[in-house]
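Quick note on labels: first sequence line is chain A, next is B, and so on, each numbered from 1.
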2 protein chains.
Amino acid sequence: MHEELKLDNQICFRLYSASRLITQAYTPMLTELGITYPQYLVLMVLWEKDNQPVNDIAHRLILETNTVTPLIHRMEKLGLISLRQGDKDKRQHIVSLTQTGKAMEEKAFELIPPGMGGRLAACPLQLEDYQRLAQELDSIINTLKK
Amino acid sequence: MHEELKLDNQICFRLYSASRLITQAYTPMLTELGITYPQYLVLMVLWEKDNQPVNDIAHRLILETNTVTPLIHRMEKLGLISLRQGDKDKRQHIVSLTQTGKAMEEKAFELIPPGMGGRLAACPLQLEDYQRLAQELDSIINTLKK
DNA sequence: AAAAATTATATCGCAAACGATTTAATTGAT
DNA sequence: ATCAATTAAATCGTTTGCGATATAATTTTT
């Protein structure tokens with residue numbers, strides 16, 4: 001039995017598990033909003049800066065367009081965003097928030113930070129632990145994204 | 001614009017991105033072995049302890065059986081594992097490694113630790129950083145898993 | 001300016017995740 | 001012992017994630 005191949009020694013498995021569990025913790029609030037976690041990510045990108053081409057959203061989320069395109073189209077059907085062709089570059093599809101999409105920011109603000117705070121209240125990590133964790137994760141992300 | 005809803009302030013987005021990127025870093029080696037990352041996780045569980053029911057594997061990986069069952073069946077088709085009914089509890093399906101599945105441990109040992117070491121060599125984190133990271137992730141995982 | 005290379009998005013197919021439900025076997029309660 | 005509750009797997013449907021490929025528009029080369 002090689003130590004390197006034990007599940008308990010895998011940082012990757014921890015990231016995978018923590019990521020899934022924390023996404024699951026978001027789910028009750030997101031269900032109340034009628035969206036999924038990746039859809040919430042797209043909304044956060046657009047709340048910060050509206051009217052972005054698919055590619056910029058994908059780049060910001062470190063995803064490929066073959067993931068983002070269908071996601072965007074589902075969100076269009078939900079009435080959260082609208083699409084129009086770019087006028088400078090006709091290949092681009094510019095994604096914009098609808099009124100519904102914009103209005104969701106306030107609802108998310110009321111639901112999600114308190115909801116997640118409650119969910120993580122039992123976690124022994126302090127503010128500075130989360131800050132260091134964020135830095136460590138950024139190191140990994142920056143090393144691995146090409 | 002609420003600070004709490006900025007992408008850059010989300011620990012969850014960092015976990016999601018780091019998890020996907022590190023899984024992607026495994027992919028070239030796993031492709032050489034002919035398996036996926038979740039299949040590799042199942043193999044690690046079985047390399048540590050062979051002949052486990054589906055439920056125990058799911059529990060170890062913090063997954064539901066509706067994820068693990070199809071995964072197991074794909075691995076059976078690949079010839080990595082075999083399934084038999086439990087003799088004590090006939091509801092259980094016991095998962096066992098085949099010779100191919102057992103033999104893959106050595107190949108994985110030769111490919112994956114050096115491959116991932118190379119991929120993360122440019123990452124500024126030190127051994128103690130990874131150890132602390134592991135602890136912090138364990139805190140989150142233990143808080144959120146019911 | 002025409003041809004070649006690049007880029008933006010979309011399409012296709014497959015493997016995960018996961019909520020919800022189903023089936024069969026086991027355990028617990030009366 | 002019988003009936004109800006629980007448990008182990010499986011099935012179904014939807015959304016992601018991603019490799020591979022396709023299409024159309026733009027940029028670069030020649």
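Taking the 5' to 3' direction, DNA chain C first and last meets chain A under 4.0 angstrom from a heavy atom at dT7(C) to dC18(C).
Using a 3.5 Å distance cut-off with no hydrogens or angles, the side chains of Asn55(B) and Gln92(B) do not pair a donor with an acceptor. Side chain to side chain, Asn9(B) and Glu3(B) meet the donor-acceptor criterion of an N or O pair below 3.5 Å. Side chains of Tyr26(B) and Gln10(A): a donor-acceptor N/O pair is present below 3.5 angstrom, by distance only.
With sequence neighbours excluded, the residues satisfying ring-ring contact (aromatic ring centres under 6.0 Å, His included) with Tyr16(B) are Tyr37(A).
Against DNA chain C, the stretch residues 31-46 of chain A makes no heavy-atom approach under 4.0 Å. Of the residues in residues 12-29 of chain B, not one comes within less than 4.0 Å of DNA chain C through any heavy atom.
Side-chain contact between Lys6(A) and Met44(B) is absent, with no heavy atoms from C-beta onward closer than 4.5 Å. Counting heavy atoms from C-beta on, the side chains of Ile81(B) and Ser96(B) never come closer than 4.5 Å.
Counting atom types as modelled, Asn66(A) pairs no side-chain N or O with a base atom of dG17(D) as donor and acceptor under 3.5 Å.
What you find for Arg14(B) and Ile141(A) is that their closest heavy atoms are O-CD1, 3.6 Å.
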Check: protein-nucleotides 7-9 of chain D nitrogen or oxygen pairs below 3.5 Å:
{"residue": "dT7(D)", "atom": "O2", "partner": "Arg91(B)", "partner atom": "NH1", "Å": "2.4"}
{"residue": "dA8(D)", "atom": "OP1", "partner": "Asn55(B)", "partner atom": "ND2", "Å": "3.3"}
{"residue": "dA8(D)", "atom": "OP2", "partner": "Asn55(B)", "partner atom": "ND2", "Å": "2.9"}
{"residue": "dA9(D)", "atom": "OP1", "partner": "Val54(B)", "partner atom": "N", "Å": "3.3"}
{"residue": "dA9(D)", "atom": "OP1", "partner": "His93(B)", "partner atom": "N", "Å": "3.1"}
{"residue": "dA9(D)", "atom": "OP2", "partner": "Asn55(B)", "partner atom": "N", "Å": "2.7"}
{"residue": "dA9(D)", "atom": "O3'", "partner": "His93(B)", "partner atom": "ND1", "Å": "3.4"}

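Taking a 6.0 Å sphere around CD of Glu64(B), one finds it holds 12 or fewer heavy atoms contributed by other residues, nucleotides or ligands.
The distance between atom CD1 of Ile62(A) and atom P of dT16(D), rounded to the nearest whole Å, is 18 Å. Atom CD1 of Ile72(B) and atom C1' of dT11(D) are 16 Å apart (whole Å).
A side chain to side chain contact (heavy atoms under 4.5 Å, CB included) with Arg20(A) is found for exactly one of Leu15(B), Ile62(B), Leu61(B), namely Ile62(B).
Screening residues 84-102 of chain B for salt bridge (Lys or Arg N to Asp or Glu O under 4.0 Å), with sequence neighbours left out, gives Asp89(B)-Arg91(B).
Looking at Glu32(A) and Lys107(A), no side-chain N of the basic residue comes within less than 4.0 Å of a carboxylate O on the acidic one, giving no salt bridge.
Mapping Lys88(A) and Leu71(A) onto DNA chain D by nearest heavy atom places Leu71(A) closer to the 5' end of the strand.
At least one donor-acceptor pair under 3.5 Å links the side chain of Ser17(B) to the backbone N or O of Phe13(B).
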Exercise for the section: Show the numbers, then the answer: is there a side chain to side chain contact (heavy atoms under 4.5 Å, CB included) between Ile112(A) and Leu30(A)? Expected result: CA-CA 8 Å; Ile112(A) 295 178; Leu30(A) 293 176; 3.8 Å; yes
